[in-house]
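Structure, as structure tokens:
FYI, side chains are in, hydrogens and waters are out, and symmetry mates aren't considered; it's all heavy atoms of this structure. Predicted, not measured: the structure shown is a model, and the values here were computed from it. Convention: sequence-line order gives letters A, B, ...; per-chain numbering from 1.
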Protein chains: 2
Amino acid sequence: MSTEPRASRPATIADVAARAGVSLATVSRVLNDNPRVDRALAAKVRQAADDLRYSASPLARSLVLGKTNTVAVVVPDLENPTFLGVLRGLSRAAGRDGYHILVADSAESVTEEIALAGTTRRRCDGLVLCAPRMPEDDLRRLLGELQPVVLVNREPGSTDPTGTPVVAADYRAALAELLELLHADGHRELVYLAGASRSASNTRRLAAVRDFGADHPDARVVTLPCGVNFADGYAAAATVADRIAGHVGAGDPEGGQPTAVLAFNDLVAMGLLSGLGERGIRVPADVSVTGFDDIPFARYLSPPLTTAAVPVDELGVQAWHRMADRLGGRTTPGHAVFRPSVERRASTGPAPVATSAGRTSRRRRVAR
Amino acid sequence: MSTEPRASRPATIADVAARAGVSLATVSRVLNDNPRVDRALAAKVRQAADDLRYSASPLARSLVLGKTNTVAVVVPDLENPTFLGVLRGLSRAAGRDGYHILVADSAESVTEEIALAGTTRRRCDGLVLCAPRMPEDDLRRLLGELQPVVLVNREPGSTDPTGTPVVAADYRAALAELLELLHADGHRELVYLAGASRSASNTRRLAAVRDFGADHPDARVVTLPCGVNFADGYAAAATVADRIAGHVGAGDPEGGQPTAVLAFNDLVAMGLLSGLGERGIRVPADVSVTGFDDIPFARYLSPPLTTAAVPVDELGVQAWHRMADRLGGRTTPGHAVFRPSVERRASTGPAPVATSAGRTSRRRRVAR
DNA sequence: CTGTTAGCGCTTTCAC
DNA sequence: GTGAAAGCGCTAACAG
């Protein structure tokens, strides 16, 4: 018969109403700061709520309000510094606006990614999708079903009718700048250590490589499949060292002796630096190396790494702003593209003369 | 009048019921695989659900079922490799069991942390708390209010009546092992580069330092405040170099010339290595260095870093298992403590003879 | 200003 | 086997 809540059950609005001797509606009003409620009554309600350590069930509120104050974030791998940075920036920015983050790690599986996008989206108000490798068809379908969506580092595809906002770093422009920097330093035989071949950011870097080749007939960039981690870069050091020594890869008649290597990212560059060091190859005296991302200690490596600083946290913050706009019914201007700033440090320098001569004469020793 | 859903509104169970010509209850039964429903009817319902691309609102289900299939994870900083690993392991393990993760980054603020623990917990079924620096009083209160809770790398406090499960790495034992390893290599003057002074994992390391001092009267460990990041280690290199050179810190009459430095973690060790390298101090010839955590590329540094491998992902997985047990009403056996395995690599070696002699004679040059 | 009432979308007794 | 109806805890008309 009592209206007191049992100790174990969290207090409900009805408990508060009973204790304050008012109706549910009044309690709701007071707790939602509806101004047109009597001061005295309001005080009484608040007192009752305090006594009962009451706070409204977010679940019930969400159901009736039709909003959860939560957004889902799907990333391929939390270990990846890019997505981690995005998540961090996003989570803090959203937190400041009273929003929560439901995070899902697809473990690099596209199938999982698609499924997670759906299941997480349903319990949230929106979806921030980092899906660099999702096939375009699947992406299009998801964009149709899961709005509001904000895309990070991924284009919606040629014909996207949804006007989905995109927040991205301009990997292409940044790699182009790195290439130009090396070219200006006299490098003519370059190697690009590619990341996951189907990822969006790798594709954009490859476009920069293509452009560069077209713009500079005097130079050549050989693309080598590599990977995205330290270990991948470390492993690539063997191949790179061979090429520097003049032992060109058998299946690659185009390669000369490279004087510069552009790593997919800083992790790869670090691995490369490490493997090169073990082989007595000096950086930048024998070969210049660039990274990508500017992770916190890139500047502290030996030598400090020339790289392109991708503002990952900012990407996350902006992704949130786009999402907040959509949630607020505002329609946001299209894509936000951030141009990474190239940090020129000591891992790059003038092309070594010897190799430069070799290049000029197009001389090439063939592996045997 | 029509029972067809408008295109823009997600289909509800009522829409499905109407289309299949059955009651809501039947639809619910079918979709929840309740066996006692007519095969033919069930098929019809499934068909209707498919046609309407229906799937039940997780929100409404959560409200009525009293569970959200979501757990909250509060971390001080996503950038920290430890918490990141925990989150990753946890998120994947929980995902396999159909659970979602609500993640909150407290930006290292204890106040935020307390608030976030409460607000996130309310929209979830449980809370995984990584709060290495939360004052014990606050923690105790939260443990009382927010159950079920699982603690990561943090003790609940001396008198915890809640029986909260703890998943932790044994930082103390691991640092002790590192200290013994160095002692066995002849090191007698050591430096410990401390992390955040009030954090639980730093406290445990300090305990190991204390034990070591007591067990080895012939050795001495000087603790220097440092930090947890690459930059902190880099900055500490100056002080360490001074001490190695015999310029002991003025306020620290106890310090001799150190032959080994134990960094708080790998990031700090990397920074230290970098700073030491710039000063021409060789590792391990002049000084041995150890890290902590065994982050992915610790083995690739030059020299490869001797460190203690903390199984962070496993911590996350185990945290989830504990949580899953509690959610399933099972009561889990107490604390799960994981002993990091010490990885002996090339950054440590025998104590250099010169300094060893200096130590023996207690000779000390004083800074001026 | 305050209370009554009707849902939000779903599950689950309880009858039939 | 199936349906009607009562809620889960809350908010928002709608009356007074």
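The side-chain hydrogen bond (donor to acceptor under 3.5 Å, both in side chains) check on A:R121 picks up nothing, with sequence neighbours excluded. Applying the side-chain hydrogen bond (donor to acceptor under 3.5 Å, both in side chains) criterion to B:R53, with sequence neighbours excluded, gives A:E145. Evaluation of the ring pair (Phe, Tyr, Trp, His ring centres under 6.0 Å) rule for A:Y99 yields A:W320 as partners, not counting sequence neighbours. Qualifying side-chain contact (heavy atoms from CB on, under 4.5 Å) partners for B:R154, counting only residues two or more places apart in sequence or in other chains: B:M134, B:E136, B:L139, B:L151, B:A200. Under the rule for a side-chain hydrogen bond (donor to acceptor under 3.5 Å, both in side chains), the partners of A:T164 that lie at least two apart in sequence or sit in another chain are A:Q147, A:T162. Under the side-chain contact (heavy atoms from CB on, under 4.5 Å) criterion, B:R46 pairs with B:V30, B:D33, not counting sequence neighbours. Shown here are the salt bridge (charged side-chain N to carboxylate O under 4.0 Å, His left out) partners of A:D50, two or more places apart in sequence or in another chain: there are none. For A:R88, the side-chain hydrogen bond (donor to acceptor under 3.5 Å, both in side chains) partners are A:D313, B:D77, B:E79, not counting sequence neighbours.
As rounded to whole Å, 7 Å separates atom C1' of D:dG9 from atom OH of A:Y54. Going from atom CZ of B:R36 over to atom C1' of C:dA15 covers 14 Å, rounded to whole Å. We find that CG of B:L24 is positioned 16 Å from P of C:dT13, with the value rounded to whole Å. Atom CG of A:N34 is separated from atom P of D:dC10 by 17 Å (rounded to the nearest Å). The distance from atom CD1 of B:I13 to atom P of D:dA4 is 14 Å, rounded to the nearest whole Å. Rounded to an integer number of Å, the gap from CG of A:L41 to C1' of C:dT2 is 8 Å. One atom, CZ of B:R123, and another, P of D:dG9, lie 16 Å apart when rounded to the nearest Å. Atom CZ of A:R9 is separated from atom C1' of D:dG7 by 14 Å (rounded to the nearest Å).
Taking both residues in full, the closest heavy atoms of A:S91 and A:I101 are given as CA-CG1, 3.7 Å, listed atom of the first, atom of the second, then distance.
Remark on the helix from C:dC1-D:dG16 to C:dC16-D:dG1: inter-end axis angle 50°, axes from five-pair C1' superpositions, rounded to 10°.
A donor-acceptor pair under 3.5 Å links the side-chain atoms of B:N153 to the main chain of B:A169, judged by distance alone. A donor-acceptor contact shorter than 3.5 Å links the side chain of A:D105 to the backbone of A:L78.
For A:T26, no side-chain nitrogen or oxygen approaches OP1 or OP2 of C:dT2 to under 4.0 Å. For D:dT2, the OP1/OP2 oxygens have no side-chain nitrogen or oxygen of B:S23 closer than 4.0 Å. Considering only side-chain N and O atoms, B:S57 lies nowhere under 4.0 angstrom from the phosphate OP1 or OP2 of C:dG9.
For A:N32, counting side-chain heavy atoms from C-beta on, the closest listed nucleotide (C:dT11, D:dT11, D:dG1) is D:dT11.
Contacts between residues 58-66 of chain B and DNA chain C, defined by a heavy-atom separation under 4.0 Å, are made by B:A60, B:R61, B:V64, B:L65.
Each salt bridge (charged side-chain N to carboxylate O under 4.0 Å, His left out) pair with one or both residues in residues 316-325 of chain B, not counting sequence neighbours, appears once here: B:D325-B:R330.
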Would you list the protein and nucleotides 13-16 of chain D atom pairs, both N or O, that sit under 3.5 Å from each other?
unit_1: D:dA13; atom_1: N6; unit_2: A:R29; atom_2: NH2; d: 3.3

